[in-house]
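The structure appears below as structure tokens.
The analysis underlying the following values was restricted to heavy atoms, covering all of them including side chains, and did not include hydrogens, waters or symmetry mates. Nothing fancy with the numbering, it's 1 onward along the sequence.
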Amino acid sequence: MHILDVMTLAIRAAKIYYTSHERPDRLDAIKSEKNVRSDLLSVMDILKRMATRGFIGGMRDDEFQTMNQWIKSLRDMLSKEDEMEAAEQKERESWTWLKPENWPTDENGNQIEREEAFIHSMFACLPFPPPLSSLPPLPKWTPIDRSSANPEPTPFLRELSNGIRLVHLHNCAVRKSRRRFGAIPSFHADTQKPYRAADNLRYWMKAAELRWEVMIKCDALGLQYAKDGKLENPEEGGR
């Protein structure tokens, strides 16, 4: 009876740990929910069989091994979770952009180098899925030539204009946040047609509003048809 009481309390504690965890995705990375449920049911079945026979003959070897293995698996999960937390903390400590006082500020009050460091640290956590894995590195940010009557977008802005990297940046930031919700589940990898690139920008703007509460507005389709620094939206032009 003592073993039954102890194991029942252990199962109850484990269920609370599984269901109330702040980072269920982290637990799932250690052990899938399906395997966790299977292990729990195995232990509960053994306790039921022991109680049914009135604990006659005591605990059998196979029953002991199953329950002992389950307890060891719990300890392994806790140990792996501690290791993952330590690795995440170490990574956060390496994020130099967290300290704005260490970065130069331009005449407009912007910290461009710090913002670039943020972007690259986010991209480092999640590689592009195929077939986008062959994309070249993001060009370095350079200011737009405002002295020109029709300033052209810089290579940095052109690379962002199809929305692919912006969607990826958003998903990377969601993955690194403590509350992993609001990722963009799908987007257009082939943006040869302008409307697909415009859709990607719309996905990103809406996701930024829902996840980060940041309102971004732009003429997504007009950006795809921009010429000589001017927006040209064929849909609006035909109205």
Side-chain angles (χ1 to χ4, degrees), residues 1-99 102 117-130 133 167-186 207 210-213:
M1 290 298 295
H2 179 65
I3 293 175
L4 179 61
D5 292 340
V6 171
M7 291 302 295
T8 300
L9 290 173
I11 291 173
R12 183 180 301 170
K15 289 180 67 176
I16 294 174
Y17 172 72
Y18 295 146
T19 58
S20 303
H21 201 280
E22 294 181 352
R23 295 283 300 276
D25 54 287
R26 180 188 291 164
L27 290 184
D28 191 64
I30 299 173
K31 194 171 187 177
S32 68
E33 183 180 356
K34 180 180 179 181
N35 291 336
V36 168
R37 290 181 179 274
S38 177
D39 292 346
L40 271 176
L41 291 174
S42 297
V43 174
M44 292 173 67
D45 183 61
I46 287 175
L47 294 178
K48 181 180 179 180
R49 283 185 291 166
M50 291 173 62
T52 300
R53 70 171 186 266
F55 300 98
I56 297 175
M59 187 185 302
R60 298 172 182 173
D61 290 342
D62 60 325
E63 295 170 343
F64 171 78
Q65 291 296 333
T66 300
M67 290 190 288
N68 189 49
Q69 187 62 36
W70 177 68
I71 293 174
K72 287 183 177 179
S73 69
L74 290 180
R75 291 174 177 169
D76 289 342
M77 285 188 67
L78 292 173
S79 177
K80 290 179 180 179
E81 186 181 10
D82 288 340
E83 293 176 1
M84 294 176 72
E85 287 182 350
E88 289 177 1
Q89 181 62 31
K90 184 177 181 180
E91 182 184 35
R92 290 179 183 275
E93 291 175 355
S94 69
W95 289 347
T96 54
W97 51 266
L98 286 175
K99 298 180 179 179
N102 295 339
F118 164 77
I119 292 174
H120 291 299
S121 68
M122 292 296 104
F123 281 156
C125 82
L126 184 64
F128 273 111
S133 54
V167 169
H168 188 59
L169 177 61
H170 172 86
N171 287 343
C172 287
V174 169
R175 186 186 179 103
K176 283 300 179 183
S177 66
R178 296 187 182 277
R179 301 171 61 199
R180 297 187 178 184
F181 73 93
I184 301 172
S186 61
L210 296 176
R211 179 60 181 89
W212 313 114
E213 299 182 359

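- By the 4.5 Å heavy-atom criterion applied to side chains, Ile30 and Met84 are counted as neighbours.
- Rounded to the nearest 0.5 angstrom, His168 NE2 and Ile119 CD1 are separated by 12.0 Å.
- One finds no salt bridge joining Arg178 and Glu22 here, because no Lys/Arg side-chain nitrogen approaches an Asp/Glu carboxylate oxygen to under 4.0 Å.
- Judged by distance alone, with hydrogens and angles left aside, the side-chain atoms of Arg53 form a donor-acceptor pair with the main-chain N or O of Ile56 at under 3.5 Å.
- Within 6.0 Å of the CG atom in Asp61, the count of heavy atoms belonging to other residues, nucleotides or ligands does not exceed 12.
- Side-chain atoms of Thr96 and Asn102, non-hydrogen and from C-beta on, never get closer than 4.5 Å to each other.
- Note that OH of Tyr17 is 4.5 Å distant from CG of Leu78, once rounded to the nearest 0.5 Å.
- The main-chain N or O of Asn35 is never found under 3.5 Å from a side-chain atom of Ser38 such that the two would form a donor-acceptor pair.
- Arg23 and Glu81 are not joined by a salt bridge, as no carboxylate oxygen comes within less than 4.0 angstrom of a charged side-chain nitrogen.
- Judged purely by atom type and a 3.5 angstrom limit, Thr66 uses its side chain to pair as donor or acceptor with the backbone of Asp62.
- A salt bridge between Glu33 and Arg37 is present, with a side-chain N of the basic residue lying under 4.0 Å from a carboxylate O of the acidic one.
- Relative orientation of the His170 and Trp212 rings is perpendicular, given thresholds of 30° and 60° on the angle between their planes.
- Distance alone, capped at 3.5 Å, places no donor-acceptor pair between the Ser79 side chain and the Arg75 backbone.
- For Lys80, the NZ atom is loosely surrounded, since the number of other residues' heavy atoms within 6.0 Å does not exceed 12.
- For the pair Arg175 (side chain) and Arg180 (backbone), a donor-acceptor distance under 3.5 Å is absent.
- By the 6.0 Å contact criterion, CD on Glu91 is enclosed, its count of non-hydrogen atoms from other residues, nucleotides or ligands being greater than 12.
- Of the candidates Lys72, Lys31, Lys15, Lys31 is the only one forming a salt bridge (charged side-chain N to carboxylate O under 4.0 Å, His left out) with Asp39.
- Between the Asn171 side chain and the Ile184 main chain, a donor and an acceptor come within less than 3.5 Å of each other.
- Note: Leu98 CG to Glu93 CD = 10.0 Å, rounded to the nearest 0.5 Å.
- Classified by interplanar angle (parallel below 30°, tilted 30° to 60°, perpendicular above 60°), the ring pair Trp95/Trp97 is parallel.
- Heavy-atom neighbours of Glu213 CD from other residues, nucleotides or ligands within 6.0 Å: at or below the threshold of 12.
- Heavy-atom minimum distance, Gly182 versus Ala207: O-CB, 4.3 Å.
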Exercise for the section: Kindly determine whether Ser121 and Lys176 satisfy side chain to side chain contact (heavy atoms under 4.5 Å, CB included), including the steps that lead there. Expected result: CA-CA 10 Å; Ser121 68; Lys176 283 300 179 183; over 6 Å; no
Exercise for the section: Would you check, one step at a time, whether the test salt bridge (Lys or Arg N to Asp or Glu O under 4.0 Å) holds for Glu88 with Arg26? Expected result: CA-CA 11 Å; Glu88 289 177 1; Arg26 180 188 291 164; 2.8 Å; yes
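- Here Asp25 contributes atom CG and Phe181 contributes atom CZ; the two are 12.5 Å apart, rounded to the nearest 0.5 Å.
- The number of heavy atoms from other shown groups lying within 6.0 Å of CE (Met44) does not exceed 12.
- Between Met67 and Met50 there is a side-chain heavy-atom pair separated by less than 4.5 Å.
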Practice task
Could you give me the CA-CA distance, side-chain angles and deciding distance for Gln65 and Gln69, then say whether side chain to side chain contact (heavy atoms under 4.5 Å, CB included) is met?
Solution key: CA-CA 6 Å; Gln65 291 296 333; Gln69 187 62 36; 5.8 Å; no
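- In the displayed structure, Phe128 atom CZ is contacted under 6.0 Å by more than 12 heavy atoms of other residues, nucleotides or ligands.
- Residues Phe55 and Ile3 form no side-chain contact, since every pair of their non-hydrogen atoms from C-beta on lies 4.5 Å or further apart.
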Exercise for the section: Begin from the C-alpha positions of Ile11 and Leu47 and carry the test side chain to side chain contact (heavy atoms under 4.5 Å, CB included) through to its verdict. Expected result: CA-CA 11 Å; Ile11 291 173; Leu47 294 178; 3.8 Å; yes
